[in-house]
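The block underneath contains the structure these notes are about, expressed in structure tokens.
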Protein chains: 2
Amino acid sequence: MPNSGSESSFDLLSELDALSRRLDPGPEDRRQSTRLVAEHVHAYLDALPDAPARFDRPDGGSRIREIPVSEDGIGLEAALDLLREHVDAVGLNPTSGRFFGYIPGGGLFTSGLGDWMAATTNRYAGVFFASPGAVRMENALIRWMADLIGFPETAGGYLAAGGSLANQTAIVAAREAKGVEGAAIERSVVYLTDHAHHCILKALGIAGLRRSVVRTVPVDERYRMRAEALQELLSTDRENGLTPFMIVASAGTTNTGSVDPLDAIADLAREYDAWYHVDAAYGGFFRLCAETFPETADLLEAMSRADSVVMDPHKTLFVPYGTGALIVRDRRHLLDTHSMDADYMQDTRSADHEDSPADLSPELTKHFRGLRLWLPLQAHGVAAFRAALSEKLLLARYFHRRIGELNGFEAGPEPDLSVVTFRYVPAAGDPDDFNRRLAGRLQRDGRVFLSSTQIEGRFTLRLAAVCFRSHREHVDEAIDILRETAAELEAER
Amino acid sequence: MPNSGSESSFDLLSELDALSRRLDPGPEDRRQSTRLVAEHVHAYLDALPDAPARFDRPDGGSRIREIPVSEDGIGLEAALDLLREHVDAVGLNPTSGRFFGYIPGGGLFTSGLGDWMAATTNRYAGVFFASPGAVRMENALIRWMADLIGFPETAGGYLAAGGSLANQTAIVAAREAKGVEGAAIERSVVYLTDHAHHCILKALGIAGLRRSVVRTVPVDERYRMRAEALQELLSTDRENGLTPFMIVASAGTTNTGSVDPLDAIADLAREYDAWYHVDAAYGGFFRLCAETFPETADLLEAMSRADSVVMDPHKTLFVPYGTGALIVRDRRHLLDTHSMDADYMQDTRSADHEDSPADLSPELTKHFRGLRLWLPLQAHGVAAFRAALSEKLLLARYFHRRIGELNGFEAGPEPDLSVVTFRYVPAAGDPDDFNRRLAGRLQRDGRVFLSSTQIEGRFTLRLAAVCFRSHREHVDEAIDILRETAAELEAER
């Protein structure tokens, strides 16, 4: 056992060196591995147009558990085989243009190239001193989003790992800004609708606010928060000695894509001195469609009046899963909670021309997330993103119209954004049961993927047009498959 | 402005379709982009052996701010040029074998390939139903870590975005398990040393526990928590009606790599019924070195007695920044806090053969982090990781011995793991001032990167051997540069 005492003990270094260099392949091995993985990637994408949106394999992925990591490993090629068969070809396929479930993502090809470079160069994006380039990139992207929202120069934020954590950080900032602690917690009220994303309630729990009062504000016939109902609740709560602490509006609910009346809520937030948070994880980036869809952009305009806004680039900027964003009107609220110091960080203090994400967020060492977003924006230009988002808005309207015209189908309300709810109304029998079977059969079929939800107690199907690969032909295919499948089910009775 | 009313309004779809397809390059364009990026990546790595560990460019990265995202973009090649010059060639270079600052990362080449595939196939790793393969992969990795720790079958956890968030989740789990809320917060005591990572205090704040009592436990001459001092504090606090709530031990402090006496602390945690958290972000994976360094492995053995352990694969498993791990002895503590439900998730409920990371963590949609870790483990085998970690332990002992023999230098204590503290003791003048200038000159020189800290009020240099690319020749080079630079400074007086 080596210690500092003997020279000979260090002879072991060369042996360890040789074995550890397996982790650092030389130029030829690197290029060979790259070729293998490039083949894997391109084969995946070449086959994608015909791939299902869901692979119906109940045992899917179990081999991944059966081949554990081992002393010698299985080698790259065998690992790629496992991936192809037991990861890529099981479960949902969110890369498909026929994937319309939940809020689809996508995963831009150019983002993947960005991730590859980010991992290889491993720049430290948490602290300005460590990587001025990576931090400037993240801050530039945040500023671009702040401009899109219409936030002033005081704004700041960071790229989060996802929407849940971004919302959580907003809630912590709100809690600190409003001094909600101790006995005040039980007198503090949070307002949201039952269409708000469940991560809000989860984040309240994580932030130690489970005993705060949560008011579920009623919604209108398009599932938007009713501002007058909110006002009544605020007024009653204040009369009863409670403190309206935070109002959470949704700019694009997950259920139906509805946008709460942001401007009217902003008025009330100001009147009652409540923190105003807008969860625009799904909907915020549709502000980019102002030219083609001015009315949609108008729905989102009052994001500018929020105290904090969450937007998810891994939804409506199509980057791979793992990138949310929080932007706060006054960045000091983030700094107050997150900026800390430590002796071992002393070298990083000089020359901070820019905010460091670590001072604005719960993270320190972080994934260099900026690159997966910056690279496609720089490579393809914002115009392509505007077009893709406008296309999704229009595809949703197109689907809404066509499904409403289809015999037996009943469309939900006109979509605010790109989620359409609908259901089949069978000639006889329980509609919930029918739609449950319809959803199940569609999912087993797998050519398209739609997810379901409950709306006012009714089993409801939904089509979310978000994937950048979804075009008119994919919506047409979804409609054909819906018609066929509903007819099959009707015929079986 | 299109609406569902008119057929002609949908004509716009084909125009939007054409523009949005820029985001989805065809087979030839994809392959061409891949070639460009592969060239970038390989050129970076080919040049790495001679690249500095820090680029001394005070204006570094400013071009990233000056070329904002724009309607048409600048194209991939121009974006790569910007990256090369203004991100890759500014600030710190944590990929270098001569990078010994903070706790180095590394960024395995094979991880980068994994990230590329994860981004391209964009599998949804948060929920079992969505990607059985990706979730099984993450759970298998967590189980592998739980076995390494020595946790029972009840254990569970998740791959976090980093150590700060993993520690935060541990603290929230502890808070819930111990029912620390309301008036109990101010009577609840957290115990740690002033060498504990600052993210612990930050996380206490985020979790709403700022008003809890924090006791700084004194350390011994090797900067390890003194168990008898901890016992005194626990005893006094209990006598005074306070509740020992949580003890945070470090298994590898950032300052000095010291490992607190885990077994003795475990006894006290049990005696006082406190949650026992071990922050092993840096040190935990050195358990893999049990064969070559049994005494080091022994230092870490009592991690098995913790309630929760954080380990960072982006440190000592060398994957790129953005991957921490939390493993909790009893996974129910994570489920209790994080498992929630929502109508729009109803399709995901069936057939959950495995825990979903979303039920064990604050995240829902997440980066498919498992692949960047699983792929190198499978491709290279665990033996290579053991060797690399053993090599780092031995390199630290080697450096400790050689720097101690070097004229004018004074080595800190024998390292527990792979961090060595040291300083130069000048013939005359203020040692702090001398070492500050020494650190500054080394950093401007940039061939090696070492960071500094304060130990007992003294300005102290430190060498952390963690990067998988660091071998004996890099440590020798660091020693040569230290000797030269100290001699220069001495000569200038």
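Any value given below was found using the heavy atoms of this structure, including those in side chains, with hydrogens, waters and symmetry copies removed.
- No donor-acceptor pair under 3.5 Å is formed between the side chain of A:Arg21 and the backbone N or O of A:Leu19.
- Interface remark: of the candidates B:Ile67, B:Leu395, B:Leu364, B:Thr365, B:Thr365 forms the most heavy-atom pairs closer than 4.5 Å to chain A.
- For the set A:Thr34, A:Val172, A:Val90, the entry with the most heavy-atom pairs within less than 4.5 Å of chain B is A:Thr34.
- Of all the listed residues (A:Gly91, A:Ala130, A:Gly73, A:Gly107), the one sharing the greatest number of non-hydrogen pairs under 4.5 Å with chain B is A:Ala130.
- For B:Asn122 (side chain) and A:Pro320 (main-chain N/O), no donor-acceptor pair under 3.5 Å exists by modelled atom type.
- One distance of note links CG of B:Asp88 with CG of B:Leu83; it measures 6.0 Å at 0.5 Å rounding.
- If you tally non-hydrogen atom pairs under 4.5 Å between each of A:Cys199, A:Ala161, A:Ser33, A:Gly106 and chain B, the highest count goes to A:Gly106.
- In this structure, the side chains of B:Trp374 and A:Leu82 come closer than 4.5 Å at one or more pairs of heavy atoms.
- Proximity to chain B is absent for every atom of A:Asp312, based on heavy atoms less than 4.5 angstrom apart.
- Among the candidates A:Ile455, A:Val135, A:Asn255, the residue making the largest number of heavy-atom pairs closer than 4.5 Å to chain B is A:Asn255.
- The candidate from B:Val382, B:Thr337, B:Val319 with the greatest count of non-hydrogen atom pairs under 4.5 Å with chain A is B:Val382.
- Interface remark: of the candidates B:Lys202, B:Arg57, B:His86, B:Arg386, B:Lys202 forms the most heavy-atom pairs closer than 4.5 Å to chain A.
- Both the backbone and the side chain of A:Gln378 come within contact range of chain B, judged by heavy atoms closer than 4.5 Å.
- B:Ile185 does not touch chain A: none of its heavy atoms, backbone or side chain, sits under 4.5 Å away.
- The candidate from B:Ser452, B:Pro362, B:Ala379 with the greatest count of non-hydrogen atom pairs under 4.5 Å with chain A is B:Ser452.
- Remark: side-chain polar atoms of A:Ser390 are not paired, donor with acceptor, to backbone N or O of A:Thr292 under 3.5 angstrom.
- Only the side chain of B:His314 comes within contact range of chain A, with heavy atoms under 4.5 Å apart.
- Judged by distance alone, the side chain of B:Ser451 and the main-chain N or O of B:Tyr102 form a donor-acceptor pair under 3.5 Å.
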Worked verdict on B:Arg31 versus A:Asp46 for salt bridge (Lys or Arg N to Asp or Glu O under 4.0 Å): CA-CA 11 Å; B:Arg31 285 167 171 84; A:Asp46 291 344; 2.6 Å; yes
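- With a 4.5 Å cut-off on non-hydrogen atoms, A:Glu181 touches chain B through its side chain but not through its backbone.
- For a residue to count as touching a neighbouring chain, one of its non-hydrogen atoms must lie under 4.5 Å from one of that chain's; by this rule B:Thr323 does not touch chain A.
- In this structure, the portion of A:Gln443 lying under 4.5 Å from any heavy atom of chain B is its side chain and not its backbone.
- For B:Arg462, no part lies under 4.5 angstrom from a heavy atom of chain A.
- Legend: residues meeting side chain to side chain contact (heavy atoms under 4.5 Å, CB included) with B:Pro376, ordered by chain and number and at least two apart, are B:Leu108, B:Thr110, B:Ser111, B:His380, B:Phe385.
- Residue contact with chain A, scored on non-hydrogen atoms closer than 4.5 Å, involves the backbone and the side chain of B:Gln454 alike.
- Residues A:Glu363 and B:Ser164 have side chains that never bring a donor and an acceptor to within less than 3.5 angstrom of each other.
- Ranking A:Ala134, A:Ser70, A:Gly162 against chain B, the residue ahead of the rest is A:Ser70, based on heavy-atom pairs under 4.5 Å.
- The residue among A:Leu377, A:Asp72, A:Thr120, A:Ile206 with the most heavy atom pairs within less than 4.5 Å of chain B is A:Ile206.
- Interface residue A:Leu45: backbone and side-chain heavy atoms are both found under 4.5 Å from chain B.
- Looking at B:Leu201, the atoms closer than 4.5 Å to chain A (heavy atoms on both sides) sit in the backbone and in the side chain alike.
- Looking at A:Tyr124, both its backbone and its side chain come within 4.5 Å of chain B, counting heavy atoms on both sides.
- B:Glu391 CD to A:Leu16 CG: the interatomic distance, rounded to the nearest 0.5 Å, is 6.0 Å.
- When each of B:Glu186, B:Arg210, B:Arg369, B:Glu15 is checked for heavy-atom pairs under 4.5 Å with chain A, B:Arg210 comes out on top.
- Side-chain contact of B:Tyr44 with B:Thr95: a donor-acceptor pair under 3.5 Å is present, judged by distance alone.
- A:His367 is linked by a ring-ring contact (aromatic ring centres under 6.0 Å, His included) to B:His367, counting only residues two or more places apart in sequence or in another chain.
- In this structure, B:Arg175 contributes its side chain and B:Ala207 its backbone to a donor-acceptor pair below 3.5 Å.
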Check against salt bridge (Lys or Arg N to Asp or Glu O under 4.0 Å), A:Glu414 and A:Arg401: CA-CA 9 Å; A:Glu414 180 90 0; A:Arg401 175 168 176 190; over 6 Å; no
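- Per-residue heavy-atom pair counts under 4.5 Å with chain A were compared for B:Lys315, B:His338, B:His42, and the maximum is reached by B:His42.
- Expressed to the nearest 0.5 Å, how far CH2 of A:Trp116 lies from CH2 of B:Trp116 amounts to 4.5 Å.
- Of the two parts of A:Arg211, only the side chain, counted from C-beta on, holds a non-hydrogen atom closer than 4.5 Å to a non-hydrogen atom of chain B.
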